[in-house]
Amino acid sequence: MSISDWFKARESRRYTALDGDALARAEVPDGVWTKCSACKKIVYDGQLVENVRVCPHCGHHFAMCAAERVDLLADPGTFAEFDSRVSSADPLGFTGAKPYVESLDAAREQCAMPEAVVCGRAEIASHPVVLGVMDFRFIGASMGSAVGEKITRAFETAIAERRAVVLVTSSGGARMQEGMLSLMQMAKTAAAARRLAEERLPYVSVLANPTMGGVTASFAVLADVIFAEPGALVGFAGPRVIEQTIKQHLPKGFQSAEYLLDHGMVDDVVPRGQLTARVGLVLDYLAGGERR
Amino acid sequence: MSISDWFKARESRRYTALDGDALARAEVPDGVWTKCSACKKIVYDGQLVENVRVCPHCGHHFAMCAAERVDLLADPGTFAEFDSRVSSADPLGFTGAKPYVESLDAAREQCAMPEAVVCGRAEIASHPVVLGVMDFRFIGASMGSAVGEKITRAFETAIAERRAVVLVTSSGGARMQEGMLSLMQMAKTAAAARRLAEERLPYVSVLANPTMGGVTASFAVLADVIFAEPGALVGFAGPRVIEQTIKQHLPKGFQSAEYLLDHGMVDDVVPRGQLTARVGLVLDYLAGGERR
Amino acid sequence: MTRRYVMEFERPLAELETKLEELRRLDLAQNPELVHEVDELTAEIERLRESTYGTLSAWEKVQVSRHPDRPKTQDYIETLCTDVIELHGDRAFGDDEAIVAALATIGGVRTVVLGHRKGKDTRENIKRNFGMVHPEGFRKAIRAMHLAERFGLPIVTFIDTPGAYPGIEAEERGQAWAIAEALSVLSGVQVPVVCVGIGEGGSGGALAIGFGDRLIMLENSYYSVISPEACASILHKDAGKAAEMAGCLALTAEDLVELGIVDEVVPEPLGGAHRDPGAVMSAVRERVLGALGALAAAEPAAIAERRYERLRRIGVIAGDVG
Amino acid sequence: MTRRYVMEFERPLAELETKLEELRRLDLAQNPELVHEVDELTAEIERLRESTYGTLSAWEKVQVSRHPDRPKTQDYIETLCTDVIELHGDRAFGDDEAIVAALATIGGVRTVVLGHRKGKDTRENIKRNFGMVHPEGFRKAIRAMHLAERFGLPIVTFIDTPGAYPGIEAEERGQAWAIAEALSVLSGVQVPVVCVGIGEGGSGGALAIGFGDRLIMLENSYYSVISPEACASILHKDAGKAAEMAGCLALTAEDLVELGIVDEVVPEPLGGAHRDPGAVMSAVRERVLGALGALAAAEPAAIAERRYERLRRIGVIAGDVG
Ligand SMILES: [Zn+2]
Ligand SMILES: [Zn+2]
């Protein structure tokens with residue numbers, strides 16, 4: 001499925017969308033609303049879209065799908081997806097509670113995208129970049145062979161074309177249904193990120209809620225500048241695993257973006273409304289010279 | 001004063017000594033003894049010299065002078081001092097409780113050496129090295145312009161002749177009587193150590209009691225492999241300064257070599273009797289190939 | 001009979017063996033009717049031993065890999081290496097005993113050895129946190145990797161960990177950051193890297209020192225993206241399904257050869273490496289030296305380049321370029 | 001009269017000023033005999049102001065450098081810089097607020113700015129530990145130095161610290177190691193480094209971000225191997241001799257020009273930079289831009305080479321090659 005097919009398939013949905021080259025805001029039906037999971041207040045979807053999916057009452061950051069992320073970050077009309085057909089196979093014939101292929105089909109259907117990450121060429125603040133965004137709805141945006149391959153190609157494309165890399169991460173970790181093939185993607189993507197660094201090309205990552213396990217512990221945190229979204233859960237081990245191991249409750253705010261900032265792990269916690277400008281400004285510094 | 005003058009001046013003393021090219025053990029008069037500061041037992045000086053100045057009762061490591069250090073570490077007959085005439089001036093005309101020039105004269109007299117560090121070409125386990133040893137008796141082996149210059153030249157000589165560097169440090173820190181000229185030696189020696197590293201030449205440091213302040217916080221800890229002697233006090237701020245600042249007593253063993261090992265700061269704590277073999281073995285690994 | 005640790009799947013065999021021991025303690029001369037019974041039992045034990053150890057399931061191999069008597073990193077270092085100089089600490093926070101870094105010589109080859117370190121007994125295991133590494137452990141390993149590269153020493157690693165430690169302090173000090181950095185550095189070091197899976201290969205904590213130019217695994221070691229128990233908990237909400245999940249995860253040495261991740265498998269004696277540690281260690285020595293020999297001639301830059309290509313090929317995808 | 005902080009050596013002047021204020025609050029029309037007194041006092045104050053601030057001793061300059069109203073790193077950043085993006089954390093332990101690292105633009109030049117950070121008030125000072133840095137602060141600075149080098153951004157530093165923090169945890173986490181590493185990295189970065197001494201330059205904690213290709217100091221800032229108080233304690237067992245020691249240590253900007261360590265001195269208004277922060281900051285901006293301009297054309301490797309030669313020359317020795 002190409003990006004244009006994908007946006008076509010999403011046309012009836014309520015997300016704002018980038019259709020081919022043109023930015024198109026989908027119509028949002030009046031009166032559709034969501035209850036904010038943080039403050040429990042009612043938020044109308046139109047309001048939510050306007051407010052880049054941040055609760056206007058309490059500032060809670062709702063999840064964003066890949067298309068919305070692209071829309072948020074890329075200069076209008078500049079995003080062109082690549083490797084759109086790279087998607088997961090089922091190399092182990094894996095069957096847990098349900099077969100992996102069924103999980104894949106369901107995710108493809110639900111998200112109208114072939115895999116958990118979308119990568120493409122784009123401009124941000126007029127800087128040529130490779131932009132990659134992960135979509136948590138797709139099997140928790142876990143990293144299997146396809147995600148690992150796409151991320152690796154994102155770095156390789158950037159190196160070949162002297163572009164910066166901007167990635168928005170969100171992931172439950174490695175995709176266990178692909179076994180060791182999935183674990184090895186950590187090494188593969190880390191190696192690719194290292195090559196980008198050796199070429200002195202900039203890499204900015206944005207850690208969105210949640211970014212855990214094998215994605216955090218590989219390419220996500222190897223960026224030159226790391227931002228996190230407010231309230232995002234970021235870490236290696238999941239809170240439940242830790243609680244089971246240490247047999248005690250976790251402190252409030254543990255593994256939150258703000259906690260990570262306190263512990264020196266991220267450069268800043270950036271509210272979504274300021275994210276595009278902030279990433280653009282970082283690129284102004286690192287991508288050399290003035291905006292085009 | 002050249003190394004041979006210096007050893008000549010020391011001939012009547014009781015230290016074992018390297019005289020010119022030949023290793024000569026000075027006579028130790030019978031019956032001369034020292035009380036061990038750790039276990040309070042009596043140790044005969046002959047015994048102490050035999051036992052590389054380690055208390056045979058409790059393992060306490062007594063201070064060693066520069067000549068003894070050279071004797072301990074360099075392959076017999078291989079040490080040749082350089083820059084022996086580099087010594088301290090009194091650029092600020094400094095007068096504390098007593099004039100700096102008087103302190104210098106007293107130290108030169110007491111130690112029979114012109115400065116607090118001795119550097120020379122040597123072999124250790126047949127590897128060509130530059131060996132530098134500091135002597136705490138000389139105004140606390142504090143680092144002024146002369147010490148900084150000699151250490152810097154040690155690194156530079158090693159680079160020019162493709163030698164490894166082995167330094168035994170012991171110092172109260174910067175030599176305040178030379179003001180900022182002394183502080184800047186930290187940057188100068190650190191810069192020289194960095195150049196050695198860039199040339200991929202090995203650098204092993206041995207932290208002897210005590211190594212504090214500006215010496216610790218510059219070249220001493222920039223080594224590839226760092227050993228410390230048992231019980232050596234090593235740190236940045238002195239214990240008294242810390243106690244005055246935090247207004248509480250320090251835990252037992254604070255800033256000891258063993259404490260530093262626990263906190264990940266040194267590669268190992270090595271008893272003096274094993275030091276030469278251990279340094280030699282490290283050089284076997286890092287200086288490439290087999291012993292000559 | 002000395003008490004020994006019995007793995008779950010060994011229990012029927014162990015019970016028979018215990019019974020046989022008891023019979024033998026009786027005076028057979030006074031109980032001639034038992035002679036026949038002893039013979040029969042001995043034969044049955046022989047048959048059962050064949051079937052118990054002959055072909056182990058994935059889950060059984062996981063159990064063998066965790067056997068407390070299984071040779072550990074420290075045993076390999078002590079047996080295979082000479083001139084060992086352990087390097088301690090990350091020079092920033094602490095010295096993590098769950099990981100060892102050392103200058104070590106194997107068969108005359110000077111190397112840097114890295115390994116997860118479990119204990120021989122409870123006391124040692126507590127000190128070493130059962131081989132579960134904290135961030136400072138990975139940072140010590142990173143320091144050793146840099147040292148190896150600077151001085152052209154090949155790196156040999158021993159993999160044996162249930163995983164990186166999942167604890168508050170580990171997260172606080174950047175567990176993910178430390179692992180990511182280790183992966184990055186290990187992927188790029190311009191010296192040969194030979195890895196040996198000797199026991200447990202638990203997830204990111206294993207991977208941080210667990211990939212390179214040659215990956216050798218013992219027959220009954222495992223290497224997995226997640227422990228079978230955790231996988232069962234997540235997918236089935238039932239840790240009891242661990243055995244089933246072990247079969248699904250393709251975590252055995254044999255499976256991983258098929259997936260193109262593992263290069264060679266070192267056979268173990270019947271019952272596991274702990275039955276004859278000497279033989280296993282000498283086989284490992286031979287394999288490691290073989291791998292080091294094969295890699296010795298390569299140019300530094302070419303080694304890292306080939307390692308990248310090697311990593312680059314791992315993965316199975318559908319669709320491809322669209 | 002608003003209460004203001006009075007430095008020790010200002011006290012006689014402050015007392016007269018207070019007296020004058022009091023006189024002025026009286027009704028001079030009803031007390032004509034006071035008019036003359038006011039005039040006389042005004043003249044005396046004028047004379048005393050000249051003599052108080054005209055030529056400051058080293059110890060008086062140290063006091064001015066510590067004046068709570070003196071412009072601080074944060075003031076310089078806010079006034080001189082645009083497009084500021086602060087970089088937080090060492091990615092291993094914490095974010096030390098006693099040091100700031102930021103991407104910042106000065107007069108159109110994109111730079112990495114580093115600075116010790118004191119607070120404006122007690123609350124801020126506690127958060128920032130009075131500008132006394134812990135190891136993680138130096139490690140944050142090191143990270144920023146590497147970033148600057150990777151992307152060719154010149155480094156501008158603001159020096160204002162009593163010194164690195166002397167505490168248990170700081171030692172525990174390798175204060176000396178962190179400072180040494182900062183010195184090593186800063187000595188080698190292949191981008192221009194311009195340093196500005198704006199207040200206190202306390203020992204190793206200052207030096208860690210306090211040397212480069214150009215060292216500019218404000219007239220009443222100091223830079224010293226040890227604080228005058230500590231020097232007096234050690235040499236005289238009497239902290240009261242701090243004033244005397246300040247004179248011996250050659251710690252003023254002027255002294256350091258003579259020793260070949262400082263390149264230029266930015267004059268301050270009578271009484272100190274806090275009397276006219278705007279003027280001082282605009283002078284600093286001009287000097288920094290001048291230095292950056294002069295260094296901009298150099299090749300990266302040549303910059304580091306020249307910095308080495310610069311360091312190499314510092315020191316006065318007797319004897320020499322023997
Ligand atoms: Zn809300
Ligand atoms: Zn004793």
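We name chains A, B, ... by the order of the sequence lines, and we start the count at 1 in each one.
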Met180(A)/Leu249(C) under side chain to side chain contact (heavy atoms under 4.5 Å, CB included): CA gap, chis, key distance, verdict: CA-CA 8 Å; Met180(A) 275 298 286; Leu249(C) 283 165; over 6 Å; no
Trace of the salt bridge (charged side-chain N to carboxylate O under 4.0 Å, His left out) decision for Glu181(C) with Arg194(A)
CA-CA 9 Å; Glu181(C) 185 66 20; Arg194(A) 182 182 189 82; 5.3 Å; no
Measuring only between side-chain heavy atoms, which start at C-beta, is [X] closer than 4.5 Å to [Y]?
X         : Y         : answer
Ile179(C) : Met186(A) : yes
Leu235(C) : Met176(A) : yes
Ser88(A)  : Ile317(C) : no
Tyr308(C) : Lys188(A) : no
Leu250(A) : Ile168(C) : yes

Name the region of [X], side chain, backbone, both or neither, that has any atom closer than 4.5 Å to a heavy atom of chain A.
X         : value
Ser224(C) : backbone
Ile234(C) : side chain
Glu169(C) : neither
Ile261(C) : side chain

Mark yes or no for whether [X], through its side chain, and [Y], through its backbone, hold a donor-acceptor pair below 3.5 Å.
X         : Y         : value
Gln255(A) : Glu171(C) : no
Trp177(C) : Met265(A) : yes
Ser145(A) : Gly315(C) : no

[X] side, atom [atom1]; [Y] side, atom [atom2] - distance, nearest 0.5 Å:
X         : Y         : atom1 : atom2 : answer
Gln175(C) : Thr216(A) : CD    : OG1   : 11.5 Å
Leu311(C) : Thr189(A) : CG    : OG1   : 9.5 Å
Leu259(C) : Met184(A) : CG    : CE    : 11.0 Å

Which one wins on heavy-atom pair count under 4.5 Å against chain A: Pro166(C), Ser187(C), Ala178(C), Ala164(C)?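 Most pairs with chain A among the choices: Pro166(C).
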Please report the C-alpha distance between Arg313(C) and Glu149(A) in whole Å, then the side-chain angles of each, then the deciding distance to 0.1 Å, and finally whether the salt bridge (charged side-chain N to carboxylate O under 4.0 Å, His left out) criterion is met. CA-CA 9 Å; Arg313(C) 281 191 301 271; Glu149(A) 181 67 22; over 6 Å; no
Identify which part of [X] has an atom lying under 4.5 Å from any heavy atom of chain C, answering side chain, backbone, both or neither.
X         : answer
Glu156(A) : side chain
Ala197(A) : neither
Arg240(A) : neither

